[in-house]
Amino acid sequence: MATKGCIIVTKYFLFVFNLVFFFLGGVMLGFGLWILFDKSSFISVLETASIPLNLWSYLLSSLGTFTMMMGFLGCIGALKEVKCMLGIYFTLLVFLLASQITVGILIYTQRKMIEKRLSTAVRTLIENYDEKDEKLQNLEESWDFIQVQFSCCGWNNSREWMKNPKMNNDSGRLMDGTNYPYPCSCYNSFSENKTSINMTSQTGFCLASFNPLTEKLKSCKTEVFEWLQENILSIMIISIGISLVELFAMTLSMLLCRNIDPDYDKLIRFQ
């Protein structure tokens with residue numbers, strides 16, 4: 001059994017550790033709700049409309065809620081020495097760590113299949129792209145964001161966009177016969193003649209006096225995988241760091257749980 005002084009230090013260290021996570025979760029939740037209910041203000045701050053705001057708001061809100069729940073269980077469980085809460089806290093950490101390891105293994109072993117399915121999904125999205133379709137709005141905004149940030153056009157090549165009905169596959173022109181449509185988010189990938197291309201936004205379709213998709217443009221597949229290769233070390237370090245933090249919290253919670261007096265049920269205080 002650990003000494004009383006060691007238990008006290010563990011108790012309050014675990015409390016402070018989870019208190020920080022509780023407030024961090026609150027910030028994430030508040031930020032997610034701000035995006036969801038005050039989109040105009042959020043866009044004016046970022047000065048971009050290409051970020052899929054609904055996706056970010058749901059993601060931040062979910063992560064914030066989960067982080068607050070973990071922090072609450074850790075704080076109260078440590079401070080009040082509630083074995084039940086510490087047990088739930090430890091179980092959730094084990095589940096979280098196991099999920100991360102499982103996802104990592106699946107991504108590594110099934111990377112070829114994932115790449116194939118991703119390619120199929122992106123090509124399907126490009127062929128059915130329509131800025132007026134609210135069902136695909138978040139996915140389309142996400143894809144526009146990728147094309148703008150990576151200065152690329154199409155997954156394998158820009159000609160994939162010609163399969164979209166909006167591009168008028170027969171003549172490559174609109175009804176007036178004078179302008180060529182092109183995806184606005186491909187604008188950054190054009191190397192020349194940008195002065196004669198009209199870009200009105202970073203989403204949807206724009207018009208040009210010539211067909212800019214006939215140029216040899218960078219493919220997003222190449223750019224995305226090059227970015228992953230360049231940042232794989234940073235991603236691994238962050239993942240390992242998160243796993244070590246989880247292991248550290250698991251160790252502290254289990255140490256405290258094992259050394260709580262079994263004859264004294266702290267839950268009585270809550271009854």
Side-chain angles (χ1 to χ4, degrees), residues 2 6-36 51-115 117-118 121 138-139 142 224 227-228 231-260 262 266-267 270:
C6 181
I7 295 302
I8 293 176
V9 171
T10 302
K11 171 181 174 178
Y12 287 103
F13 190 87
L14 187 61
F15 170 76
V16 174
F17 180 82
N18 284 280
L19 185 64
V20 172
F21 274 87
F22 181 80
F23 284 113
L24 177 62
V27 172
M28 293 171 63
L29 177 59
F31 201 52
L33 294 177
W34 176 38
I35 297 173
L36 185 63
I51 297 177
L53 295 179
N54 287 337
L55 179 62
W56 282 114
S57 64
Y58 297 146
L59 179 62
L60 287 172
S61 298
S62 300
L63 288 176
T65 302
F66 182 77
T67 304
M68 288 183 69
M69 182 182 69
M70 293 289 292
F72 175 79
L73 289 172
C75 285
I76 303 301
L79 188 63
K80 298 296 184 180
E81 299 181 9
V82 182
K83 278 190 173 184
C84 179
M85 287 187 172
L86 289 174
I88 296 174
Y89 176 74
F90 178 83
T91 303
L92 289 176
L93 283 175
V94 171
F95 175 77
L96 188 60
L97 183 60
S99 300
Q100 292 169 352
I101 294 174
T102 302
V103 170
I105 293 174
L106 287 176
I107 291 176
Y108 180 77
T109 57
Q110 305 295 323
R111 57 188 182 278
K112 295 296 182 181
M113 184 187 67
I114 293 174
E115 180 181 339
R117 290 190 176 182
L118 180 61
N138 288 334
L139 291 175
S142 299
V224 168
W227 180 87
L228 287 174
N231 294 275
I232 188 65
L233 182 60
S234 300
I235 295 173
M236 289 180 63
I237 291 175
I238 293 174
S239 299
I240 292 173
I242 293 174
S243 299
L244 290 176
V245 169
E246 291 170 351
L247 283 172
F248 179 69
M250 288 167 57
T251 303
L252 290 181
S253 61
M254 181 53 64
L255 178 64
L256 183 59
C257 190
R258 284 173 57 88
N259 288 276
I260 292 175
K266 299 290 182 175
L267 284 175
F270 297 97

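Applying the ring-ring contact (aromatic ring centres under 6.0 Å, His included) rule to F72 yields no partners; only residues at least two apart in sequence or on another chain are considered. In this structure, Q110 has no side-chain hydrogen bond (donor to acceptor under 3.5 Å, both in side chains) partners at least two apart in sequence or on a different chain. The ring-ring contact (aromatic ring centres under 6.0 Å, His included) search around F23 returns none, not counting sequence neighbours. Every side-chain contact (heavy atoms from CB on, under 4.5 Å) that L118 has, sequence neighbours left out, goes to V122, W155.
Taken to the nearest 0.5 Å, the CG atom of N231 stands 7.5 Å off from the CG atom of L228. In this structure, CE in M236 is found 11.0 Å from OG in S243, a value given to the nearest 0.5 Å. Atom OG of residue S253 and atom CG of residue L73 lie 11.0 Å apart, to the nearest 0.5 angstrom. Once rounded to the nearest 0.5 Å, the distance linking SG of C75 with CE of M68 reads 10.5 Å.
The stretch residues 99-111 participates, sequence neighbours left out, in no salt bridge (charged side-chain N to carboxylate O under 4.0 Å, His left out) pair at all. Residue pairs that meet the salt bridge (charged side-chain N to carboxylate O under 4.0 Å, His left out) test with at least one member in residues 13-34, sequence neighbours left out, do not exist here.
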Donor-acceptor pairs under 3.5 Å, side chain of residues 85-104 to any protein atom, not counting sequence neighbours: which ones?
residue: Y89; atom: OH; partner: N18; partner atom: OD1; Å: 2.7
residue: Y89; atom: OH; partner: N18; partner atom: ND2; Å: 3.3
residue: T91; atom: OG1; partner: G87; partner atom: O; Å: 2.8
residue: S99; atom: OG; partner: F95; partner atom: O; Å: 2.7
residue: Q100; atom: NE2; partner: E246; partner atom: OE2; Å: 3.0
residue: T102; atom: OG1; partner: A98; partner atom: O; Å: 2.7

Which atom pairs, one a donor and one an acceptor, fall under 3.5 Å between side chains of residues 8-15 and the rest of the protein, sequence neighbours left out?
residue: T10; atom: OG1; partner: C6; partner atom: O; Å: 2.8
residue: K11; atom: NZ; partner: L79; partner atom: O; Å: 3.3
residue: K11; atom: NZ; partner: E81; partner atom: OE2; Å: 3.2

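Shown here for T67 and L63, the closest heavy-atom pair between the two residues is OG1-O, 2.7 Å.
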